[in-house]
**Student:** 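Sharing a structure here in structure tokens format.
Please read all numbers here as calculations on a predicted model, not as lab measurements.
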Amino acid sequence: MKFSLVKMVQEQVEKAAECIGVPEHIREILKCPMRILKVSFPVRMDDGSVVCFNGMRCQYNNVLGPTKGGVRYFPEVSEDEVIALASWMTWKCALVDLPYGGAKGGVICDPTKLSEGELERLTRRFTTEIMPILGPHSDIPAPDVFTTSKTMAWMMDTYSMFKGYPEPAIVTGKPEVMGGSLGRKQATGRGVAITTRELYKKRGKSLKDVTIAVQGFGNVGTYAALFLEQMGAKIVAVSDAFCALIDHKGLPVDELMEFVEKHTNLKEYKKLKHSDRDDVLYQDVDILIPAALENQIRKDNVGEIKAKVISEGANGPTTPEADKVLEGKGVTVIPDILANAGGVIVSHLEWVQALSGLYWEEEEINQRLEKRLVRAFEKVWKKAREKSVSLRSAAYIVAIERIADVYQYRGLFP
Ligand code: NAD
């Protein structure tokens with residue numbers, strides 16, 4: 001039977017809701033996605049043929065505000081995955097006190113096989129198809145796996161053309177030249193580094209010479225590696241969808257980032273021996289950062305994990321079964337909804353800037369990000385102590401308490 005991500009997130013939510021006695025009717029609401037729009041649409045390919053693509057957008061819950069979440073282009077996009085990711089966005093936004101609900105979208109495609117023109121036409125048509133539920137006060141997309149600031153520029157332009165006026169607040173993660181926030185590109189990786197540093201601080205330790213392996217050398221993984229290296233840590237292993245590079249003396253993060261920027265992957269990097277891509281997970285390191293995809297640390301491979309801390313850059317990289325094993329082994333997991341919340345925090349700042357027309361310096365953005373994330377980390381840390389639960393359960397408890405409180409005030413319509 002195929003592993004269900006929705007089931008996984010529901011288990012995480014149920015566990016937390018039970019721990020704090022959330023009323024039954026609110027638990028019922030939290031189990032179900034509010035809205036899913038599934039679309040099929042034709043795109044003209046460069047050779048003149050027409051291909052039909054399937055995509056979807058899920059808005060999981062909007063009790064706290066307009067829904068927010070990325071759009072993913074990937075061959076394995078599924079309804080289960082999109083609902084689970086939209087659900088995680090809901091808890092993440094609640095946890096870091098943003099006025100947002102959660103959403104996610106995806107198109108089933110292999111973007112590595114599409115030309116720039118094909119990607120543009122696909123993006124514009126997908127945007128048009130889901131436009132009835134988009135809006136700066138209803139649902140605001142952002143980049144995710146295999147979508148970039150360029151994708152967001154096409155989405156913004158398409159939406160604006162239909163409306164008849166420019167609407168920069170319709171997406172976040174735009175190019176800086178058209179109102180993308182300074183610091184957005186680095187924000188998720190910066191957040192992973194900040195939350196990891198906070199954990200070490202709580203233990204009275206610094207990150208000096210701490211060894212780190214990073215799975216997924218994309219937007220999140222590269223910047224997490226860069227900022228952690230700047231904090232004194234040593235990055236000894238990185239991987240992407242094709243291979244892993246491992247050197248326990250330390251990898252040249254700057255150089256690898258430049259390489260990936262130019263060549264898009266690590267496949268052509270010849271200065272180091274290539275290892276199997278999954279070897280990165282099993283290195284004898286202090287910290288493992290899964291920053292690729294969900295479902296990477298599972299019952300079948302958790303026994304091989306040697307890291308003592310896992311900082312989840314990706315959404316849903318650890319299954320609940322693996323989580324239990326890690327807890328039993330005394331491994332500390334900084335959960336995804338906390339560790340990778342830096343991205344949506346700065347996306348919120350981008351949205352505020354677009355709505356107000358007032359743009360901030362990068363220093364201001366980074367300070368606001370740091371303040372919000374450290375505050376959330378403190379809340380989670382305190383809750384974990386108070387309830388004697390893992391950081392993951394504590395993060396869900398903090399998030400669900402906020403949502404349940406808002407439901408109590410708003411009541412039920414009609
Ligand atoms: P990305 O497309 O920039 O990078 C993904 C990286 O993972 C690429 O290097 C890809 O080659 C690699 N990869 C894919 N499959 C792999 C595998 N099996 N093993 C090793 N590497 C693999 O995407 P991203 O934006 O960095 O997102 C990565 C994860 O972080 C996703 O789970 C995403 O949902 C999550 N996330 C992203 C953001 C953001 O702001 N970009 C925010 C929060 C969470």
Side-chain angles (χ1 to χ4, degrees), residues 9 11-23 26-27 30 63-64 87-100 102 187-188 190-207 210 224 227-228 231 286-287 289 308-313 315-316 318 320 323-324 326-346 348 366-409:
V9 62
E11 261 180 51
Q12 292 164 339
V13 173
E14 255 312 293
K15 200 167 146 193
E18 204 168 301
C19 187
I20 49 173
V22 172
I26 295 179
R27 276 152 81 160
L30 299 184
V63 75
L64 297 181
S87 167
W88 277 313
M89 281 304 293
T90 307
W91 323 122
K92 192 184 302 180
C93 293
L95 170 63
V96 296
D97 255 329
L98 293 175
Y100 281 148
T188 308
R190 189 186 289 281
V192 172
I194 291 171
T195 48
T196 309
R197 182 201 65 201
E198 290 303 296
L199 176 74
Y200 269 68
K201 252 199 217 164
K202 289 285 177 204
R203 294 174 169 177
K205 290 183 182 162
S206 87
L207 286 164
V210 161
F227 293 124
L228 283 161
M231 291 172 184
D286 298 306
I287 303 173
I289 301 181
K308 292 134 212 121
V309 169
I310 296 179
S311 195
E312 295 183 331
N315 289 308
T318 315
D323 224 12
K324 266 187 216 134
L326 292 171
E327 218 176 320
K329 285 205 297 189
V331 176
T332 305
V333 179
I334 309 178
D336 45 8
I337 60 170
L338 177 63
N340 71 33
V344 72
I345 291 174
V346 175
H348 171 249
N366 291 342
Q367 276 170 3
R368 284 176 184 267
L369 160 64
E370 167 119 17
K371 202 167 158 194
R372 191 179 283 276
L373 205 50
V374 170
R375 195 170 58 205
F377 185 92
E378 281 298 326
K379 275 193 201 168
V380 171
W381 185 261
K382 226 170 115 199
K383 192 63 83 179
R385 307 271 115 168
E386 184 192 314
K387 301 272 182 196
S388 300
V389 294
S390 66
L391 294 180
R392 187 181 318 276
S393 293
Y396 277 98
I397 290 172
V398 173
I400 289 162
E401 269 177 349
R402 180 169 171 227
I403 292 180
D405 272 359
V406 174
Y407 268 114
Q408 298 287 18
Y409 279 110

**Student:** Take Val309 and Arg203, measure what side-chain contact (heavy atoms from CB on, under 4.5 Å) needs, and give me the verdict at the end.
**Tutor:** CA-CA 12 Å; Val309 169; Arg203 294 174 169 177; 3.6 Å; yes
**Student:** Does the side chain of Gln408 come within less than 4.5 Å of Pro23's, by heavy atoms?
**Tutor:**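 In short, these two side chains touch, coming nearer than 4.5 Å.
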**Student:** Please determine if Arg402 and Asp97 form a salt bridge, counting it only when a charged side-chain N lies under 4.0 Å from a carboxylate O.
**Tutor:**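 Yes.
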**Student:** Quick one: does Leu95's side chain get under 4.5 Å of Lys379's, heavy atoms only?
**Tutor:**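 A side-chain contact is absent here, since even the closest heavy-atom pair is not under 4.5 Å.
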**Student:** Taking NZ in Lys329 as the centre, count heavy atoms belonging to other residues, nucleotides or ligands within less than 6.0 Å. Is the count above 12?
**Tutor:**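 It does: Lys329 NZ has more than 12 such atoms within range.
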**Student:** So, taking the atom named NZ in Lys201 and the one named CH2 in Trp381, what distance separates them when rounded to the nearest 0.5 Å?
**Tutor:**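 Between atom NZ of Lys201 and atom CH2 of Trp381 there are 12.5 Å.
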**Student:** With salt bridge (Lys or Arg N to Asp or Glu O under 4.0 Å) as the rule and sequence neighbours excluded, what pairs involving residues 330-343 come up?
**Tutor:**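 Non-adjacent pairs meeting salt bridge (Lys or Arg N to Asp or Glu O under 4.0 Å): Asp336-Arg392.
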**Student:** Say you draw a straight line from CD1 of Ile194 to OG of Ser311; how long is it, rounded to the nearest 0.5 Å?
**Tutor:**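 That separation rounds to 11.5 Å.
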**Student:** Please name the pair of heavy atoms, one in Ala384 and one in Ala394, separated by the smallest distance, quoted to 0.1 Å.
**Tutor:**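 Distance-wise, the nearest heavy atoms are N-CB, 3.5 Å.
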**Student:** With heavy-atom distances below 4.5 Å as the criterion, would you say the side chains of Ile400 and Arg27 are in contact?
**Tutor:**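 A side-chain contact is absent here, since even the closest heavy-atom pair is not under 4.5 Å.
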**Student:** With rounding to the nearest 0.5 angstrom, report the CG to CD1 distance, Asn340 to Ile289.
**Tutor:**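 Asn340 atom CG to Ile289 atom CD1 measures 11.5 Å (nearest 0.5 Å).
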**Student:** Salt bridge between Glu327 and Lys324, side-chain N to carboxylate O under 4.0 Å?
**Tutor:**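 Judged by the 4.0 Å cut-off on N to carboxylate O distance, Glu327 and Lys324 do not form a salt bridge.
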**Student:** May I ask you to test the Lys383-Lys387 pair for a side-chain heavy-atom distance under 4.5 Å?
**Tutor:**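 A side-chain contact exists here, since the closest heavy-atom pair is under 4.5 Å.
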**Student:** Look at Lys202 together with Glu378 and state whether they make a salt bridge at an N to O cut-off of under 4.0 Å.
**Tutor:**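 Looking at Lys202 and Glu378, the cut-off is met.
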**Student:** Does the side chain of Thr90 reach to within under 4.5 Å of the side chain of Ile403, using non-hydrogen atoms?
**Tutor:**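 Side-chain contact under 4.5 Å: yes.
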**Student:** Any chance you could lay out the side-chain contact (heavy atoms from CB on, under 4.5 Å) test for Lys92 and Asn315, step after step, and finish with the verdict?
**Tutor:** CA-CA 10 Å; Lys92 192 184 302 180; Asn315 289 308; 3.0 Å; yes
**Student:** Quick one: closest heavy-atom pair of Thr188 and Gly343, and the distance?
**Tutor:**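 For Thr188 and Gly343, the tightest heavy-atom pair comes out as OG1-CA, 3.1 Å.
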**Student:** Report the distance from atom CD of Glu401 to atom CD1 of Ile397, rounding to the nearest 0.5 Å.
**Tutor:**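 Answer rounded to 0.5 Å: 7.0 Å.
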**Student:** Going from CG on Asp323 to CD on Glu312, what distance comes out if it is rounded to the nearest 0.5 angstrom?
**Tutor:**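 If we round to the nearest 0.5 Å, Asp323:CG and Glu312:CD are 7.0 Å apart.
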**Student:** Show the nearest heavy-atom pair for residues Leu391 and Leu199, with the distance to one decimal.
**Tutor:**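 So the two residues come closest at CD1-CD1, 4.3 Å.
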**Student:** Please report the interatomic distance OG(Ser390) to CG(Leu326), rounded to the nearest 0.5 Å.
**Tutor:**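 Taking OG in Ser390 and CG in Leu326, the distance rounds to 10.5 Å.
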**Student:** Which heavy atom of Gly191 sits nearest a heavy atom of Leu373, and at what distance?
**Tutor:**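 Taking Gly191 first and Leu373 second, the nearest heavy atoms are CA-CD2, 3.3 Å.
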**Student:** If you look at every heavy atom in Ala339 and Thr195, which pair is closest and at what distance?
**Tutor:**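 Smallest interatomic distance, heavy atoms only, reads CA-OG1, 3.6 Å.
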**Student:** I want to check something: taking the side chain as every heavy atom from C-beta on, are Val9 and Tyr396 in contact at a cut-off of under 4.5 Å?
**Tutor:**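 Side chain of Val9 against side chain of Tyr396, heavy atoms only: contact under 4.5 Å found.
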**Student:** Report yes or no: does Arg190 contribute a side-chain atom to a donor-acceptor pair with the main-chain N or O of Gly342 at less than 3.5 Å?
**Tutor:**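 No, because the side chain of Arg190 does not come within donor-acceptor range (under 3.5 Å) of the backbone of Gly342.
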**Student:** Between Trp91 and Leu30, is there a side-chain heavy-atom distance shorter than 4.5 Å?
**Tutor:**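 Leu30 reaches Trp91 side chain to side chain.
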**Student:** Closest heavy-atom contact between Ala94 and Ala399?
**Tutor:**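 For Ala94 and Ala399, the tightest heavy-atom pair comes out as CB-O, 3.6 Å.
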**Student:** Could you walk me through whether Gln12 and Trp88 pass side-chain contact (heavy atoms from CB on, under 4.5 Å), step by step?
**Tutor:** CA-CA 10 Å; Gln12 292 164 339; Trp88 277 313; 3.2 Å; yes
**Student:** Kindly indicate, with the supporting measurements, whether the criterion side-chain contact (heavy atoms from CB on, under 4.5 Å) is fulfilled by Tyr200 and Ile287.
**Tutor:** CA-CA 11 Å; Tyr200 269 68; Ile287 303 173; 3.6 Å; yes
**Student:** Would you check if Leu64 and Leu98 make a side-chain contact, meaning some heavy-atom pair closer than 4.5 Å?
**Tutor:**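 A side-chain contact under 4.5 Å is absent here.
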